[in-house]
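Step one of this worksheet: look at the structure below.
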Amino acid sequence: MMARKFERPDRNMKVVKPNSITFDMHEKNMTAHQLNPDTWVDSYADYLFNYAIARVSDTEIAKDLVQETFFAGLKSAKNYKGDAAERTWLIAILKRKVIDYYRKINSKKGKAEVRVNYSSNGDSDGDWIEEQVADPFSSFENDSLENEELGVAIYDCIAQLPQKQSLVFTMKTIRGMSTEDICNELDINPSNLWVMIHRARTTLMGCLNQNWFNL
Amino acid sequence: MISCEEAATICNKTQYKEASFSEKIQLKLHLLFCSTCAMFSKKNAKLTNLCQKANLQNLTEKEKLKMKQEIRKKI
């Protein structure tokens with residue numbers, strides 16, 4: 001569709017000059033739809049990585065999936081219509097990649113031999129069903145599920161922070177770097193750092209309050 | 001007596017276990033009198049708790065650099 005838009009003014013341009021104005025307009029329209037692959041890694045890698053890790057629970061695989069997502073994004077960049085934000089668009093691709101990944105390992109699994117034993121330590125009997133019933137007092141299963149969603153919610157909120165704040169916050173909170181190291185790396189002074197941390201934390205509190213009710 | 005702003009900074013520092021002993025005492029004293037800061041402190045601690053619970057993962061700069069290079073190759 002974009003290509004067609006682009007052709008028309010081009011053709012007209014040969015005929016009359018004033019049309020060059022419309023040409024400019026279309027050109028502006030074009031840039032609005034453009035993607036910036038150069039900034040992808042810095043802006044979205046962590047977010048995508050957390051999204052992936054919540055679903056495949058293996059850092060290496062998650063990393064590969066993110067990389068593949070970027071490649072696929074590059075490949076189909078010309079299909080990007082600008083309807084959605086870059087991030088949403090990349091997440092949509094990543095979702096496909098995760099599904100593909102599970103399809104792949106499932107087809108492999110079919111070839112392997114599956115053994116079902118009552119228990120892993122040899123022959124012993126008991127009431128199988130009774131032992132498989134979920135413990136109503138265990139909050140363990142739900143916890144891990146909630147934590148995955150929580151991670152995505154936090155990254156959603158971090159993504160809304162100004163770039164510098166999110167950088168400082170991730171360095172400090174997620175990577176657990178010392179104040180001194182961060183100050184050296186970003187060339188700021190400690191009081192500057194604490195101001196940024198404070199702003200980031202207040203914004204995050206508000207954001208999580210909306211998206212994650214129990215703060 | 002410290003101001004609310006100072007209290008907030010110390011409160012943030014305690015989230016990363018970087019407040020000194022005297023700072024902690026000053027903060028505790030301030031929180032006794034200032035309900036706004038007490039509220040902030042409570043929420044701040046909860047945020048720290050959530051961040052820990054979520055077990056956030058992060059790609060290292062090295063890994064990101066590698067990714068960037070791979071992407072550049074494809075362009």
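As a basis for the values below, the full set of heavy atoms in this structure was taken, side chains included, without hydrogen atoms, waters or symmetry mates. Below, read A as the first sequence line, B as the second, and so on, with proteins coming before strands; counting in each chain starts at 1.
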Next on the checklist: Can you tell me which portion of Glu5(B) sits under 4.5 Å from chain A's heavy atoms? Options are side chain, backbone, both or neither.
Outcome noted: neither
Checklist entry - With only heavy atoms counted, which part of Glu18(B) is less than 4.5 Å from chain A, the side chain, the backbone, both or neither? => result side chain
Item to check | Contact summary for Ile154(A) and Cys51(B), nearest pair of heavy atoms | outcome: CD1-CA, 4.0 Å
Item to check | N/O donor-acceptor pair under 3.5 Å between Arg201(A) side chain and Asn44(B) backbone | outcome: yes
Checklist entry - Rounded to the nearest 0.5 Å, what separation is found between the CD1 atom of Ile71(B) and the CD atom of Gln67(A)? => result 6.0 Å
Checklist entry - For the residue pair Trp194(A) and Thr9(B), what are the closest heavy atoms and their distance? => result CB-CG2, 4.0 Å
Item to check | Side chain / backbone / both / neither for Lys42(B) at chain A, heavy atoms under 4.5 Å | outcome: neither
Next on the checklist: Checking Phe40(B) against His198(A) for the side chain to side chain contact (heavy atoms under 4.5 Å, CB included) test, could you report, in this order, the C-alpha distance in whole Å, the side-chain angles of both residues, the deciding distance, and whether it holds?
Outcome noted: CA-CA 11 Å; Phe40(B) 173 79; His198(A) 179 73; 3.4 Å; yes
Item to check | Neighbour count >12 (heavy atoms, 6.0 Å) for atom NZ, Lys68(B) | outcome: yes
Checklist entry - Taking everything shown except Arg175(A) itself, do over 12 heavy atoms lie less than 6.0 Å from its CZ? => result yes
Next on the checklist: Quick one, Tyr16(B) with Thr179(A), criterion side chain to side chain donor-acceptor pair (under 3.5 Å). Give me CA distance, side-chain angles, the key distance, then yes/no.
Outcome noted: CA-CA 10 Å; Tyr16(B) 301 98; Thr179(A) 309; over 6 Å; no
Checklist entry - Are any non-hydrogen side-chain atoms of Gln15(B) and Thr173(A) less than 4.5 angstrom apart? => result no
Checklist entry - What do the steps show when you test Asp46(A) against Lys64(B) for side chain to side chain contact (heavy atoms under 4.5 Å, CB included), and what is the final call? => result CA-CA 9 Å; Asp46(A) 284 330; Lys64(B) 283 188 190 171; 3.0 Å; yes
Next on the checklist: Tell me if the CG atom of Asn189(A) is crowded by more than 12 foreign heavy atoms within 6.0 Å.
Outcome noted: yes
Checklist entry - Near Arg87(A) CZ, under 6.0 Å, is it more than 12 heavy atoms from other residues, nucleotides or ligands? => result yes
Checklist entry - Side chain, backbone, both or neither: which part of Tyr47(A) has a heavy atom under 4.5 Å from chain B? => result neither
Checklist entry - Got a second to check how far Asn12(B)'s CG is from Met196(A)'s CE, nearest 0.5 Å? => result 13.0 Å
Checklist entry - Do the side chains of Lys43(B) and Asn209(A) get nearer than 4.5 Å, heavy atoms only? => result yes
Item to check | Side chain proximity check, Lys63(A) to Met67(B), heavy atoms < 4.5 angstrom | outcome: yes
